[in-house]
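Only one structure is covered here, and it is reproduced in the block below.
Order of appearance sets the numbers: ligands from 1, and atoms from 1 within every ligand.
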Amino acid sequence: MTNVIVEVKDLYKEYKDKEVLRGISFTVYKGEIFSLLGPNGAGKTTTVKILSCVLKPTRGEVKVIGYKVPNECGKIRERIGVMPQDYQGFLDLTVRENIEYFVKLYNGKETQVDELISLLDLEKVKNQKLRYLSGGYVRRVGIASAFAGSQEILFLDEPTVGLDPKARRGFWEIIKMMKNKGVTIFLTTHYLDEAQKLSDRVAILYGGKLIKVSTADEIMAEFKATNLEDAYLELIKSLEDSENNE
Ligand SMILES: Nc1ncnc2c1ncn2[C@@H]1O[C@H](COP(=O)(O)OP(=O)(O)OP(=O)(O)O)[C@@H](O)[C@H]1O
């Protein structure tokens, strides 16, 4: 039994004439929290979309839970949960109906609907249509929907954007709980404190290439920084400087 859950080898993605991913390779192990970091436009969402079978790779080898992307995406979709960056949900369904839809889709138990409502603190708004909810609540519904069923890996693309500080902390607790249940979490975030607190390993994408795959502690030690954000900013600055000197 292998403990690899995501395997990416020499992955390229081009949109028309623009090469966004330029040969990235990495492995995610079962049960870990793996965060993909990088500046705006680095290719994080593109990577998540390929791993979650929304986009096809231009070339390279991608396997999720042992199945190949894109040929075996049917099998992959049954076993993953996804919270896309642009999650909107079904606007004219209530919070409860939105969550129920995904619980049924992924053959979860009916009781899971109320569990998720309680977990994401959505009790107050459960009968409201998504159309009338604030952005932060809509994101909580998105997170709840991604958790529906008993998925083996969750892809969460900037899940905490727009959450208030209490909800963000609540989200961290839920993510840790999911990890304790053995679920693998693949996260993208611009909140480096979040990445530092949660991640077993982080990967840093810059200009379509993976610059680092390591633990937050190792990256902080390399840059003699006391937090991941400072180390990250040092790293990005050195990459920008070397580009400017080319
Ligand atoms: N459908 C598309 N067609 C053409 N270009 C695209 C498409 N989707 C994304 N891009 C471009 O690909 C690049 C990478 O985008 P991507 O959304 O993957 O970056 P990101 O790292 O997730 O950025 P952010 O942090 O801003 O969310 C960007 O330059 C973006 O403009």
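In this structure, the side-chain hydrogen bond (donor to acceptor under 3.5 Å, both in side chains) partners of Asp114, at least two apart in sequence or on a different chain, are Arg96. By the ring-ring contact (aromatic ring centres under 6.0 Å, His included) test, Phe90 is found to be paired with Tyr101, residues two or more places apart in sequence or in another chain being considered. In this structure, the ring-ring contact (aromatic ring centres under 6.0 Å, His included) partners of Phe26, at least two apart in sequence or on a different chain, are Phe34.
If you look at ligand 1, the protein residues with a non-hydrogen atom under 4.0 Å away are Tyr15, Lys18, Val20, Pro39, Asn40, Gly41, Ala42, Gly43, Lys44, Thr45, Thr46, Gln85, Glu158, His190.
A 4.5 Å side-chain heavy-atom check between Ser52 and Phe186 finds every atom pair outside the cut-off.
Looking at Tyr206 and Glu243, their side chains do bring a donor and an acceptor atom within 3.5 Å of each other.
The closest donor-acceptor contact from the side chain of Lys13 to the backbone of Lys56 lies under 3.5 Å.
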